[in-house]
Amino acid sequence: MSLHPYFEIVVFVGVALIFPVMPLILAWMWRRFFQPPKPGAAKNATYECGMESLGEAQIQFRSQYYLYAIIFLIFDVEAVFLVPFAVAFTGLPVGAFLSILVFLLLLIEGLVWAWGKGCLNWAK
Amino acid sequence: METLEQIKKRIEAAVPGAKIDIVNNGSPSAQHSLKIDNEHARDVARFLRDDPALRFDFCSNVTGVDWLDRVIKKTVKTKQVVDGVEKDVDLTSEEKIPGYLEAVYHLFSIAHKHGPVIIRMQTGRANAQLSSLTPIWRSAELQEREIFDLYGIKFEGHPDLRRILMWDEFEDFPMRKDYRPPDDFEWEPTPHDDVLERAKQHYPARPTETELKPS
Amino acid sequence: MGDEIDEGLRSELQRQGIWVTSMQELYNWGRKNSIWPLQFGLACCAIEMIATAASRYDIARFGAEVFRPSPRQADLMIVAGTVTKKMAPQIVRLYNQMPDPKYVIAMGACAISGGPFKQGYNVLKGIDRYIPVDVYIPGCPPRPEALLHAFMELQRKIDNQKLSGPNKSDHLDREHPSEYPVPAFGKHDLVPRANPDVFRPPQIERV
Ligand code: SF4
């Protein structure tokens, strides 16, 4: 009798489920039979390095934060390109030099645009 | 650098009404200091900072001192006629100085590479108040806060006078000599002197005779 | 479950290639070899703690190299250094936020009694005034070996904890508290000065 071609996948999924669920069940049973839960006000409070916690842990970030992150990302990548450029600087042909200048120009243009849009102002 | 006497003279000329005293330091370091009065303190400080020959642009250290009441004995040799004979007699006079709090500033000049000049300001223990020199030297800000915290001297004109080391609810001034630490002496393994005295108050009472002899 | 296995029977079985253990042993064995400390240091003693974690003394040999930056994942609090009165409420709060089972090592003269600053106005005379301490290490600072010794003592202690019965471990006891009151900043001192449930100084006895 030949096995169904999907049989191995079913076994796979089964194992993949048992592995994470099994410890959870064990932990739950452990709690149920041995270790009583001891929740408390301080224990359940938001962790703030031991200071008295203020407010919730889940807070909303302002969308400007993401703009910052994106701008950072762009200039982060720029730095990655600039390092080999600096290393090979003395042996560069004119064409390569000009093209990296164009690259820089594009990025600086982007920065000027973001600046002009006011994306770098934190407090609005 | 000019001597303290010269500086004193020039301050008195520049800041009319300022009362400046030279406090001598008898120790080998001989770092004498200028005592300046509270009303003109900021003008004097500004003069010390801005005068082109002095230019004390850096206040390296601010500290507080609590002086207890003290008696200074002065002996003066005088000639007196005793029983018709002229004799050398030591006359001892006692001067009582009531205790006071003091703020001491050490000034250096980075521009002229000289210093230190030490200035002191005094205030009474009750309602201690001095004028802040933070507007003149920004580096004094945290140290004046510390003096406020530990000695209780209020620096009037300070931009942000809060406690810095102790918590805000704290009411005592722990570096003052009359500070008495709270009574947490319940367990002292090796008590001695003052600690022993205070630890004893936590010892259980001596058992009485009847308790000692169980019937 | 917590009953001891007969040692002779066990070694006999082991010779036959069968390894017998009890749940209690397994549980304690797992716990004692993965004591994760909470990552914080208070003063000079913390430098020795860092040295203990570095390669020369290598706390990883005891399974405790994982210094956790959050109390939620920590089993052990190493109070390494001077506990000032301003810091004490934060320490107690961190202890409260640790999940059970949790242990405390008081490292150094400062943490066990206030040390050189004992008569100062701002230093707590021992963290055991507010939270229960399992192992005390004297010294100023204690050498890394001393901290390792404390670890081994703690492992021994964990190994002897019972899973059931009247002497069962504190964290398995429903009645045993897992949080202790956080002292408040008072006008002259912390309020209260000590937690009487935790801090029981030896009484002076007179005969
Ligand atoms: S016990 Fe000594 S080494 Fe440790 S924190 Fe206190 S003063 Fe520093």
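Letters A, B, ... are given to chains in the order of the sequence lines, protein chains preceding strands, and every chain is numbered from 1.
Atom CZ of B/R198 has more than 12 heavy atoms from other residues, nucleotides or ligands within 6.0 Å. Residue B/K177 qualifies as enclosed at atom NZ: its count of foreign heavy atoms under 6.0 Å is above 12. Counting heavy atoms of neighbouring residues, nucleotides and ligands inside a 6.0 Å radius, atom CZ of C/R56 does not exceed 12 of them. Environment of CZ in C/R61: crowded, with over 12 heavy atoms of neighbouring residues, nucleotides or ligands closer than 6.0 Å. The environment of NZ in C/K168 is crowded: more than 12 heavy-atom neighbours from other residues, nucleotides or ligands sit within 6.0 Å. No more than 12 heavy atoms of other residues, nucleotides or ligands lie within 6.0 Å of CG in B/D194, so this atom counts as exposed by the packing criterion.
Within the 4.5 Å cutoff, the side chain of B/R163 has no heavy atoms near those of the C/K86 side chain. Considering only heavy atoms from C-beta on, C/S113 stays 4.5 Å or farther from B/E188 through its side chain. Put simply, the side chain of B/M166 does not reach to within 4.5 Å of the side chain of C/T84, judged on heavy atoms. Residues B/F185 and C/Q119 form a side-chain contact, since some pair of their non-hydrogen atoms from C-beta on lies under 4.5 Å apart.
Contact count against chain C (heavy-atom pairs under 4.5 Å) is highest for B/P174 among B/P181, B/P174, B/A199. With respect to chain C, the highest number of heavy-atom pairs below 4.5 Å among B/D183, B/D168, B/V195 belongs to B/D183. Comparing B/E169, B/H202, B/M175 by heavy-atom pairs within less than 4.5 Å of chain C, the highest count is held by B/E169.
Below 4.5 Å, heavy atoms of chain C meet no heavy atom from residues 100-138 of chain B. For residues 120-152 of chain C, a heavy-atom distance under 4.5 Å to chain B picks out C/Y121, C/N122, C/K125, C/R129, given by residue number.
When all heavy atoms of B/P182 and C/H188 are compared, the pair lying nearest together is CG-O, 3.8 Å.
Interface remark: C/K118 contributes side-chain atoms only to the contact with chain B (heavy atom separation under 4.5 Å).
B/W167 contributes no side-chain N or O that, together with a main-chain N or O of C/K187, makes up a donor-acceptor pair within less than 3.5 Å.
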